[in-house]
Amino acid sequence: MKDILAQMITRAALKAHEQGILPSDAIPQPSLDEPKQESHGDFSTNIAMIMAKPQKMAPRKIAEAIVDNLEDPENFLVQTEIAGPGFINFHMRPSLWQRVVKNVLDKGPEFGRSQIGAGQKVQVEFVSANPTGPLHVGHGRGAAVGDAVASLLAMCGYEVEREYYINDSGRQIRTLGLSVWLRYCQLKGREIDFPTDCYQGGYIRDLALSIDSEKLADLDSMAEEDAVLWCARFAANDILDGIRQDLKDFGVIHDVWFSEQSLFDDSSVQKSLEFFEKSGDIYEKEGAKWFKTEARGDEKDRVVVRNNGLTTYFASDIAYHKNKFDRGFDRVIDVWGADHHGYIARMKAAVEAVGRSKEAFEVVLVKLVNLLRDGEPLAMTTRGGTFETLSDVVNEVGADAARFIFLSRHYESPLDFDLELAKKQTSENPVWYVQYVHARTCSIVVKSADFGVPLDFAWDPDQEILKEIEEIRLMKALARYPEIVENAARSLEPHRITFYLRELASAFHSFYHDHMVLKEDQAPVLTKARLDLVTAVRQVIKNGLDLLGVSAPESM
RNA sequence: GCGCCCGUAGCUCAGCUGGAUAGAGCAACGGACUUCUAAUCCGUAGGCCGCAGGUUCGAAUCCUGCCGGGCGUACCA
């Protein structure tokens with residue numbers, strides 16, 4: 001509808017120019033807003049104000065020229081007015097909104113799909129927690145955000161792949177093995193001071209215990225170093241299995257699990273180091289090898305090979321991101337915890353060195369989650385081993401509530417997650433509010449099957465049938481959905497869907513409260529039109545919740 | 001010190017990349033069930049958009065400088 005209006009405005013402006021009213025032929029693309037105030041019409045444009053300078057005319061004069069030349073053969077407009085400093089407000093024929101109902105029903109799950117991605121390949125890498133311990137709530141937020149961002153992009157015509165990067169190489173894995181090994185030795189009765197730089201969580205002891213009780217390996221007869229390595233592999237696999245299970249329970253599925261170790265095994269890291277040494281991006285200083293990131297916008301150059309010969313994390317990350325682009329992705333999006341934000345500049349520099357633009361690589365930084373219970377903060381230190389795991393939270397409040405709450409804020413603002421509130425089945429808990437709409441609409445649709453009056457006929461959307469203000473507001477909300485999805489995808493901000501769903505839900509509840517759908521003593525055509533409206537609402541709520549990875553229950 | 005993020009109603013946050021009288025949820029107060037689910041709805045109240053300048057027809061939004069908070073700043077992972 002906006003497109004049609006924009007065309008009408010452009011045509012009117014050109015006509016005014018031909019008549020000599022507007023001196024310049026520079027007509028910008030009109031942008032149409034939906035005014036906050038309903039009295040300002042359904043749409044408004046600021047084009048007259050924008051044109052004031054190039055046209056050297058007063059905005060209101062320009063607006064007049066445009067309005068006078070508007071052609072509206074199909075009677076889309078019931079009223080057009082010039083307001084304020086030069087806004088043009090358009091009041092649409094109310095029945096026009098009815099078209100959206102048909103449109104939603106025709107498209108079904110596809111309503112909201114667009115092609116702005118034009119088939120570009122994009123990879124979203126998220127969670128990627130080290131397999132040294134179970135996922136905690138912060139990872140959960142990252143999982144919800146990454147998954148929703150991926151879904152949004154897929155809905156907008158991108159070819160999307162979800163990936164998990166497994167940090168299964170290097171020192172922290174060895175530390176993991178050592179931690180398990182030492183706990184194992186303790187279980188065997190040896191007196192050992194457990195080092196503070198080892199993993200303290202209770203799951204380490206559980207792992208050691210299971211090795212012993214299930215006789216998984218004869219560690220006692222191994223050389224200590226072999227035993228540690230064995231423990232490392234065993235523990236990492238076991239923990240990774242747990243992570244996979246946690247994600248599955250949370251409804252998140254990655255297409256690819258990419259191993260860091262594999263980059264060493266196939267010498268990708270080595271090759272990329274050699275490549276950049278040749279290209280001059282890597283140089284030696286003080287016995288270490290440095291990557292020239294400062295010249296590409298970082299604060300300073302970064303070490304990739306330490307003077308002890310070991311590569312840094314950054315070295316494998318360079319190889320990894322080179323690998324991503326080699327796989328043909330046009331865009332690469334990493335979802336990181338906010339504590340890694342110091343890493344962005346060097347990574348962008350590396351991507352540029354690989355020969356891609358910095359814009360092809362984006363980082364979504366997810367801020368931390370403060371876990372609360374009845375308003376009181378819960379301590380989440382790994383050291384004490386008392387942190388709340390994702391699975392604890394999911395078991396307590398359910399995956400739906402957790403995901404919805406994780407997506408209820410911009411990901412860059414810290415999130416307070418109150419476990420008690422998430423469990424409440426009241427209006428304080430937004431996920432219920434939205435899901436309830438779906439349940440209510442389903443209930444109406446089910447009941448309509450037994451309704452006394454036959455409803456299997458079509459109604460003419462050009463006749464004004466749905467004219468109550470609550471109906472119009474509801475239809476306008478439906479019509480907004482595709483653009484919301486598009487903007488959310490463009491800005492990688494799934495919380496916009498969450499906010500939208502609350503608005504749509506609110507519009508529905510108001511409608512529901514004031515108007516019966518299945519009512520005996522009302523014109524069947526109105527009943528049918530309302531039933532279609534309700535069915536369309538159900539569809540859009542479902543589509544939106546799908547994007548967020550939240551279920552849409554048929555009854556509650 | 002330097003870099004990034006943030007400062008909007010009592011609380012938690014939106015604000016569509018510059019628009020009209022700044023919004024929503026919760027909390028508070030007052031109403032609404034003979035109705036397809038009251039897990040709902042309607043109304044009231046609540047504001048120097050951190051402060052001060054600048055850019056322009058127009059600023060919560062863009063720029064600069066302060067004030068206040070969070071995070072980062074390893075030859076760690």
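Here is the naming used below: chain letters follow the sequence lines, and residue numbers restart at 1 for every chain. Atoms considered below: every heavy atom in the structure, side chains included; atoms not considered: hydrogens, waters and symmetry mates.
Proximity of Ser510(A) to the phosphate of C42(B): a side-chain N or O atom is located under 4.0 Å from OP1 or OP2. The side chain of Arg530(A) places no N or O atom within less than 4.0 Å of a non-bridging phosphate oxygen (OP1 or OP2) of C36(B).
Salt bridge annotation for Glu396(A)-Arg373(A): present, with a cationic side-chain nitrogen under 4.0 angstrom from a carboxylate oxygen. Using a cutoff of 4.0 Å between basic side-chain nitrogens and carboxylate oxygens, Glu412(A) and Lys367(A) are not scored as salt-bridged. Remark: Lys2(A) engages Glu483(A) in a salt bridge, criterion side-chain N to carboxylate O under 4.0 Å. For Arg296(A) and Asp281(A), the salt-bridge test passes: some basic side-chain N is under 4.0 Å from an acidic carboxylate O.
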Starting at the 5' end of nucleotides 18-27 of chain B, put B wherever the base has a protein heavy atom under 4.0 Å, S where only the sugar-phosphate does, and a dash everywhere else.
-> -BBB----SS

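Base orientation at C62(B) is anti, since its O4'-C1' glycosidic dihedral falls outside 90° of 0. Base orientation of U17(B): syn, the glycosidic angle falling within 90° of 0.
We find that CD1 of Ile62(A) is positioned 13 Å from P of C57(B), with the value rounded to whole Å. Between His495(A) atom NE2 and C13(B) atom P the separation is 12 Å, expressed in whole Å. When rounded to the nearest whole Å, the span between CG of Leu415(A) and P of C6(B) equals 16 Å. Across the protein-nucleic acid pair, Leu368(A) atom CG and C71(B) atom P stand 8 Å apart, rounded to whole Å. For the pair Asn370(A) CG and G69(B) P, the computed distance is 18 Å after rounding to whole Å. Atom pair Tyr512(A):OH and C42(B):C1' shows a separation of 17 Å (rounding to whole Å applied). Separating the NE2 atom of His340(A) from the C1' atom of U73(B) is a distance of 14 Å, rounded to the nearest angstrom. Atom C1' of nucleotide G70(B) and atom CG of Asp416(A) are separated by 13 Å, given to the nearest angstrom.
Across the strands present, G18(B) finds no partner; the criterion is a Watson-Crick or G-U wobble pair with both atom distances under 3.5 angstrom. Using Watson-Crick or G-U wobble geometry with both donor-acceptor distances under 3.5 Å, G1(B) finds its partner in U73(B). When both distances must be under 3.5 Å, the Watson-Crick or G-U wobble mate of C49(B) does not exist. If you check C13(B) for Watson-Crick or wobble pairing at under 3.5 angstrom, you find it paired to G23(B). Base pairing of G7(B): its partner is C67(B), meeting the Watson-Crick or G-U wobble criterion (both donor-acceptor distances under 3.5 Å). Remark: U40(B) base-pairs with A32(B). Criterion, Watson-Crick or G-U wobble with two distances under 3.5 Å. Applying the Watson-Crick and G-U wobble criteria (two distances, each under 3.5 Å), A60(B) pairs with nothing in any strand.
Residue-to-nucleotide contacts include no donor-acceptor pair under 3.5 Å from the side chain of Glu34(A) to the base of C16(B).
Side-chain proximity of Arg409(A) to the nucleotides C36(B), C41(B), U12(B) is greatest for U12(B). The side chain of Ile444(A) sits closest to C36(B) out of C41(B), G15(B), C36(B). Comparing A14(B), C36(B), C41(B) by their nearest atom to the side chain of Ser443(A) picks out C36(B). Closest contact between the side chain of Arg496(A) and the listed nucleotides C75(B), C16(B), C57(B) involves C16(B).
Of the candidates Asp301(A), Ile318(A), Val305(A), Ile318(A) is the only one forming a side-chain contact (heavy atoms from CB on, under 4.5 Å) with Phe291(A).
Ring geometry for Phe508(A) versus Tyr512(A): interplanar angle of 30 to 60°, hence tilted. Ring-plane geometry between Tyr500(A) and Tyr481(A) is classed as tilted, the angle between the planes lying from 30 to 60 degrees on a 0 to 90 degree scale.
Using a 4.0 Å heavy-atom cutoff across all strands shown, Ser555(A) reaches at least one base atom of the nucleic acid. Base engagement by Glu286(A) is indicated by at least one non-hydrogen atom pair under 4.0 Å involving a base atom. When heavy atoms are screened at a 4.0 angstrom cut-off, His515(A) is found touching base atoms of the nucleic acid. Nucleic acid contact for His410(A): sugar-phosphate only, since backbone atoms but no base atoms lie under 4.0 Å from a heavy atom of the residue. Here Lys289(A) lies out of heavy-atom contact (under 4.0 Å) with every strand. Across all strands, Ala288(A) comes closer than 4.0 Å to base atoms (heavy-atom distances).
For the contact set between residues 473-488 of chain A and RNA chain B, defined by any heavy atom under 4.0 Å, the members are Asn487(A).
The main-chain N or O of Asp317(A) is found under 3.5 Å from a side-chain atom of His321(A) such that the two form a donor-acceptor pair. Using modelled atom types, no side-chain atom of Tyr199(A) and backbone atom of Leu178(A) make a donor-acceptor pair closer than 3.5 Å.
Side-chain contact, Glu471(A) with His515(A): no donor N or O sits under 3.5 Å from an acceptor N or O.
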Contacts under 3.5 Å, N or O only, protein and nucleotides 1-5 of chain B:
{"from": "G3(B)", "atom 1": "N2", "to": "His341(A)", "atom 2": "NE2", "distance (Å)": "2.8"}
{"from": "C5(B)", "atom 1": "O2'", "to": "Lys367(A)", "atom 2": "NZ", "distance (Å)": "3.2"}

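Nucleotides U8(B) and A24(B) place their C1' atoms 12 Å apart, quoted to the nearest Å.
Side chains of His340(A) and Met347(A) form no contact here, defined as non-hydrogen atoms less than 4.5 Å apart. Two residues are said to be in side-chain contact when any heavy atoms from C-beta on lie closer than 4.5 Å; Arg530(A) and Phe511(A) meet this criterion. Residues Ser448(A) and Val534(A) are not in side-chain contact: their nearest non-hydrogen atoms beyond the backbone lie 4.5 Å or more apart.
One distance of note links OG of Ser262(A) with CG of Asp168(A); it measures 7.5 Å at 0.5 Å rounding.
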